[in-house]
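Working notes, beginning with the structure itself.
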There are 4 protein chains.
Amino acid sequence: MTRRSGDTLDRLYAAAIELIGEHGYSATTVDEIVARAGVAKGTVYYHFKGKADLVSALLEDGLQRLAASFSAEIEGAQGPAEALRALVHAELLYIQRDQAFSKLVMSQMWRVDGDWQQDLRLLREQYVSVFAGVIAEGIESGAFRAGLDAQAAASTVFGMIATAALDWLVFRPEQTLDEVEAALTGMVLGAVGAAG
Amino acid sequence: MTRRSGDTLDRLYAAAIELIGEHGYSATTVDEIVARAGVAKGTVYYHFKGKADLVSALLEDGLQRLAASFSAEIEGAQGPAEALRALVHAELLYIQRDQAFSKLVMSQMWRVDGDWQQDLRLLREQYVSVFAGVIAEGIESGAFRAGLDAQAAASTVFGMIATAALDWLVFRPEQTLDEVEAALTGMVLGAVGAAG
Amino acid sequence: MTRRSGDTLDRLYAAAIELIGEHGYSATTVDEIVARAGVAKGTVYYHFKGKADLVSALLEDGLQRLAASFSAEIEGAQGPAEALRALVHAELLYIQRDQAFSKLVMSQMWRVDGDWQQDLRLLREQYVSVFAGVIAEGIESGAFRAGLDAQAAASTVFGMIATAALDWLVFRPEQTLDEVEAALTGMVLGAVGAAG
Amino acid sequence: MTRRSGDTLDRLYAAAIELIGEHGYSATTVDEIVARAGVAKGTVYYHFKGKADLVSALLEDGLQRLAASFSAEIEGAQGPAEALRALVHAELLYIQRDQAFSKLVMSQMWRVDGDWQQDLRLLREQYVSVFAGVIAEGIESGAFRAGLDAQAAASTVFGMIATAALDWLVFRPEQTLDEVEAALTGMVLGAVGAAG
DNA sequence: CATGAATGAGCATTCATTCAT
DNA sequence: CATGAATGAATGCTCATTCAT
């Protein structure tokens, strides 16, 4: 399903992610994308069915990079609290590196229409189920607060981290990753009731 | 055909909020807005400089309703923990009632351009500064965890509540407000280290 | 036929003449006219059938001022050459004073459509017939070149003066009226073959 | 539907010149232009920034054709009087052939704003400087009246010819080019004081 | 006499898409 | 594989006109 064809596609992906992250999907034109990618307009329609299909492919691509960066992170973590720390670290790092993609995702997350809404739901579930797994494990082991709804808590923790990260990058870029991570980790662990 | 005056602006605001909340700013056409508002197209341009100016006015309007609903809520709260509980309640209620407006705000929050970005910043600061005040008070009084950065924590708590609320309304609408509020309040108080 | 009603109409005339002289008929909006005149939009439609009717009335008004300024000028002139000098003087003076109106006339002169084209034809014939009368007299009396077609010559002389005047006012405003008049009078008299 | 390339711009130029010459710039719609040119609306915006830019390009185009037709004409003329006769002939012929373009130019000449005013100034200077050169030569050689301001006289002669030509084409089309040229040449030579 | 909110047909412009090369 | 001139439906916006006050 993943398309490959030299770096033409990569340049289109990169250009589209940046522009859509900055201005949104509808406000980004195919002309702008191809101008930044340095290819001709027809090229988009040679590789994709249209603008929506390009974004769809791009989301699948981002989804894979995300999944890879997450699963690598939890391996070897000592217990749920450590795993959660690791996830905070991974998500912050991912958003910092792939800021444009993250903005794109956040701005489209709660839309109800759109051609690639399906892809976004999948992406979100990937994100959230990893958190849910760790939280469920913590609840079972007594490390986290009993009575927590793992699914709902996972969504909330995901949202905490995402909004904290974007707030940092957009409104307080002078702070370092370490500062943000330290403060955020404390709040996340507190939120799930980890003994501290 | 319609000659009723006075509520023309309100009808335009309501229509625009709903549509933009659902489909986003660029994807919402002026034709759609005026059709839902039941006014003629020219009316928008009689009252506003353009589509962007309508949204700007609408955001200022929403800002005022929000500020009112918040400041009413904290009055009479017994201490920071109670004030925070009250704020969680107020924000959840506000988002539930003004879901369209909230989606609009969240989808535009981290844009860097746009004509009404200024208004959004103000709105966000209003939001966050109320939280920051309560959290700072809690830190001083020893009710919340020492060493917390009140500003950053306020942003994060705001994001927690907003994402939890939208996640609820979009993905798990079968849950009741009370259920969501109970779970969320626990997590928020934990996040700021309130003695539980 | 001439409408009178306090200074409201005068202000509308003045505003319309200036704006249409500067930007042309189609490019001038009713909004701009009423803004400059300091009256409400509806006022135009209370006094006139519409924008075109306003211009029509305004042209009739200008026509009368013009006719007055011309007929006063030829009276008492000693022979055709003196009358022609007097007309050059009168037209230059008129264009200088009523520059906006003159630009309006010149820019619309050779249009073939338009609702007030009839008025412009009348205006032009007024202009030209005065010249034609003087030139015909000069031909008969032998003061001007024999064989001249009085009508065609009158048109040409009118055009000479008008273009020279506007060229002066737009491109060489630093020259004085006297300089321009002296040079132009010599050329006009030469053009009709006046002895010396 | 049309896919012929190459002459697309020429067709747009021709259509725009005709329509704007007849009805003026503002009163001419892009829809009318593309309908007459037989191309799609978007084509205008593919090649030009907008309607104003199309007119600007069109004026530059007309300027070049004009300059060519003029400089060809004066070569080989015997002395200033002959050169002036040749220029009268050239300008009459040009206006007759390119009547629409000439009307466009005359109707916009004394505007003070507009996006292509710059182009018109250039065009006018091209026109006038050729006349000014010939007249200056005539003054020096004693063929024309001493004391004439070559620049001002050139403007005036240009205006004489242009208004005479348009008056002829619009109001007295039954006359022949030869009749008009004969009468006009006499007046022009008289105006510059050529010994006759 | 005069107002100005409201109208809606008409306009310039945009932009995703097509297709001959 | 890739191009870019051309398309035309859709969009934001303008503006002469209407009408209740």
Notebook entry, point to check: Which part of the nucleic acid, if any, lies within reach of D/Gly42 when heavy atoms closer than 4.0 Å are counted: base, sugar-phosphate only, or nothing?
Noted result: base
Check: What is the nucleic acid contact for B/Lys41, judged by heavy atoms within less than 4.0 Å: base, sugar-phosphate only, or nothing?
Finding: base
With a 3.5 Å cut-off and sequence neighbours excluded, list the donor-acceptor pairs that the side chains of residues 33-42 of chain D form with protein atoms.
residue	atom	partner	partner atom	Å
D/Arg36	NH1	D/Glu18	OE1	2.5
D/Lys41	NZ	D/Asp31	OD1	3.4
D/Lys41	NZ	D/Asp31	OD2	2.9

Notebook entry, point to check: So does B/Thr43 get a side-chain nitrogen or oxygen closer than 4.0 Å to the phosphate oxygens (OP1/OP2) of E/dT7?
Noted result: yes
Next item on the list: List in chain and number order the residues that pass side-chain hydrogen bond (donor to acceptor under 3.5 Å, both in side chains) with C/Arg124, two or more places apart in sequence or in another chain; answer none if no residue qualifies.
Entry: C/Ser155, D/Asp167
Notebook entry, point to check: Between E/dC1 and C/Thr8, is there an OP1 or OP2 to side-chain N/O distance shorter than 4.0 Å?
Noted result: no
Checklist line | For atom NZ of C/Lys51 and atom P of F/dT14, their distance in whole Å | finding: 15 Å
Margin query: Can you identify which nucleotide, out of F/dA6, F/dC1, E/dG8, has its nearest atom closest to the A/Tyr46 side chain?
Written below: F/dC1
Notebook entry, point to check: Can you list the residues that meet the side chain to side chain contact (heavy atoms under 4.5 Å, CB included) rule with B/Ala27, with sequence neighbours excluded?
Noted result: A/Ser26, B/His23
Checklist line | Nearest-angstrom distance from the residue atom CG of D/Leu54 to C1' of E/dC11 | finding: 16 Å
Checklist line | Pair assignment for DNA chain E - dot-bracket with | for other-strand partners, Watson-Crick or G-U under 3.5 Å | finding: .||||||||||||||||||||
Notebook entry, point to check: Of the nucleotides F/dT7, E/dT13, F/dT3, which one has an atom closest to the side chain of D/Tyr45?
Noted result: E/dT13
Next item on the list: Using a cut-off of strictly less than 4.0 Å between a heavy atom of the residue and any atom of DNA chain E, enumerate the qualifying residues of residues 27-37 of chain A by number.
Entry: A/Thr28, A/Thr29, A/Val30
Item checked: Enclosure of B/Arg97 CZ (heavy-atom neighbours >12, cutoff 6.0 Å) -> no
Margin query: Can you measure A/Phe48 atom CZ to E/dT18 atom P for me and round it to whole angstrom units?
Written below: 15 Å
Margin query: At 4.0 Å (heavy atoms only), tell me whether A/Val39 reaches a base, stays on the sugar-phosphate, or touches nothing.
Written below: sugar-phosphate
Next item on the list: Report the distance from atom CG of B/Asp53 to atom P of F/dT14, rounded to the nearest whole Å.
Entry: 12 Å
Margin query: Go nucleotide by nucleotide along DNA chain E from the 5' end; which of D/Ser26 and C/Ala40 gets its closest nucleotide reached first?
Written below: C/Ala40
Margin query: So, using side chain to side chain contact (heavy atoms under 4.5 Å, CB included) as the criterion, who are the partners of D/Leu169 when residues are at least two apart?
Written below: D/Ile95, D/Gln96, D/Gln99
